[in-house]
Amino acid sequence: MCALPNASYGSSTPTNEANPRNVIPEAGRHFHSLGWMTGSGGAIGVRRGEEIYITPSGVQKELMEPEDLFVQTIDGKSIATPPAFKKLTQSSCTPLIINSFLKRKGAGAVVHAHNPNAVLISLLYPGKEFRITHQQMIKCTYNWKLGKNNKYFDELVVPIVEGQPEEIDLAPYVAKALEDYPDTSCVIIRRHGMYVVGPTWEKTKLMLESFDYLFHIAMQMKLYGLDPTQPPTESRENSKRLLLDDPDVATRFAQMEITIQKLTQQLSQLENNAGAGSTYVRWGRSLCSGDNTELVYSGWEDPSVLEITQNWCNQVYAGSIYIQEYEKWGYNNIIAT
Ligand SMILES: CSCCC(=O)C(=O)COP(=O)(O)O
Ligand SMILES: [Zn+2]
């Protein structure tokens, strides 16, 4: 991935010290290869001290060169431009990039991506927010309000703003979303993509990958009838869900009906028999040969439910056999008739 000899793009050092002139073209190739900056879509801004390096407009992101970048201050003063013969203009995303740096003090990078997962999520969530919880990759997202990463069990909330025909028209909406959601590192643009702002260039790249992953997972969860906003419960995790588009849904419904009928019959039999007749327990036997008897249970007694009591007694109550015996403790082979 690290094609440029001088690029520190692959470095794991959590600083913004890498030269943006190397970082940005290499990032363009990386994001283009992921399908997030194709067709000249997307933009990158990286801050180093007072200098903000910004991509040119309408260029193929995988072919950018170090000299193609524009450099300016946060208040718009131009520091450097590409060679004139290249006839490049600055990204139309510049106002949104600058807004993001203004709204997130200390930010090191802003990346605008046209990743299909952000576009699809914006269509699947027609409201103003995307939410997800209990996912490992949430831990890779930065919470600007807390000044640290979110936790696995946090509910990650990402604002969604309406897409506009021109990038510049988005600026007030993205700025307002960053104000209204002081935690967020990401704003989704409906039918367009997302903006991600992070404390360092490296962290911003990791977050882009994490948000894209979480959008993908949320879509898959929805396909399987799972709710990304629901924390896990033990029973929910273990249960086998019945989905209406399961191929065997009709058979499974029929089986469930039969089971319910059987259980209903057994229950009414037990209710009718309650208090009638006697239950005899034969210890140490596995066969029952008496006349007019019906085998109720053959197996082992469970010592954990026995109490040391005065006398033998036994009874059937609501389907359970309660057997008590005198001064005896341990597993014993029994039959009940
Ligand atoms: C086909 S991309 C249209 C503009 C856009 O949405 C974008 O992200 C790139 O804008 P730029 O001016 O930087 O080319
Ligand atoms: Zn765009």
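The structure displayed is predicted, hence computed values, not measured ones. Whatever order the structure lists ligands and atoms in, that order sets their numbers, starting from 1.
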Item checked: Heteroatom distance test (K61, ligand 1): nitrogen or oxygen, under 3.5 angstrom -> no

Next item on the list: For S92, take its heavy atoms, then give the atoms of ligand 1 lying under 4.0 Å from any of them.
Entry: 10 (O), 11 (P), 12 (O), 13 (O)

Check: Judging by distance only, is a nitrogen or oxygen of H114 under 3.5 angstrom from one on ligand 1?
Finding: yes

Notebook entry, point to check: Does N19 reach the side chain of R48, with side-chain heavy atoms less than 4.5 Å apart?
Noted result: yes

Checklist line | Cation over ring face, K222 and Y125, 6.0 Å, 45° | finding: yes

Notebook entry, point to check: Using 30° and 60° as the class limits, which term best fits the ring planes of F215 and F130: parallel, tilted or perpendicular?
Noted result: perpendicular

Notebook entry, point to check: Under 4.0 Å from any heavy atom of G39, which atoms of ligand 1 are there?
Noted result: 1 (C)

Check: Which ligand 1 atoms, with their elements, are less than 4.0 angstrom from a heavy-atom of H192?
Finding: 6 (O)

Next item on the list: Under the side-chain contact (heavy atoms from CB on, under 4.5 Å) rule, what do Y173 and E162 come out as? Steps first, then yes or no, please.
Entry: CA-CA 8 Å; Y173 299 102; E162 297 307 317; over 6 Å; no

Notebook entry, point to check: Any idea which atoms of ligand 1 are less than 4.0 Å away from a heavy-atom of S91?
Noted result: 11 (P), 12 (O), 13 (O)

Checklist line | Closest non-hydrogen atom pair between C186 and P159, with its separation | finding: O-CD, 3.4 Å

Checklist line | atom 4 (C) of ligand 1: the protein heavy-atom neighbour that sits closest, reported with distance to 0.1 Å | finding: E167 OE1, 3.8 Å

Notebook entry, point to check: Is any side-chain heavy atom of P25 less than 4.5 Å from a side-chain heavy atom of D68?
Noted result: no

Item checked: For A43 against I97, the heavy-atom pair lying closest together -> CB-CD1, 4.1 Å

Note to self: I need the minimum non-hydrogen distance between A218 and I132, along with the two atoms involved.
What the structure shows: CB-CD1, 4.1 Å

Next item on the list: Please identify which atoms of ligand 1 are closer than 4.0 Å to at least one heavy atom of G58.
Entry: 11 (P), 14 (O)

Next item on the list: Using distance alone, determine whether G42 and ligand 1 share an N or O pair under 3.5 Å.
Entry: yes

Notebook entry, point to check: At their closest point, which heavy atom of M64 faces which heavy atom of I24, and how far apart are they?
Noted result: CE-O, 3.8 Å

Next item on the list: With heavy atoms of H112 as the reference, note each atom of ligand 1 found under 4.0 Å away.
Entry: 8 (O)

Notebook entry, point to check: Hey, what's the ring geometry for H112 with Y195, parallel, tilted or perpendicular (30° and 60° as the breaks)?
Noted result: parallel

Margin query: For atom 7 (C) of ligand 1, is there a protein heavy atom at a distance under 4.0 Å?
Written below: yes

Note to self: Please list, in number order, the atoms of ligand 1 under 4.0 Å from a heavy atom of S57.
What the structure shows: 11 (P), 12 (O), 13 (O), 14 (O)

Next item on the list: Give yes or no for whether the N/O distance cutoff of 3.5 Å, strictly under, is met between V59 and ligand 1.
Entry: no

Check: NE2 (H192) to the Zn ion (ligand 2) to NE2 (H114): angle, nearest 10 degrees?
Finding: 90°

Notebook entry, point to check: Of all the atoms in H112, is at least one N, O or S atom closer to the Zn ion (ligand 2) than 2.8 Å?
Noted result: yes

Margin query: Using a 4.0 Å cut-off to any heavy atom of S40, which atoms of ligand 1 qualify?
Written below: 9 (C), 14 (O)

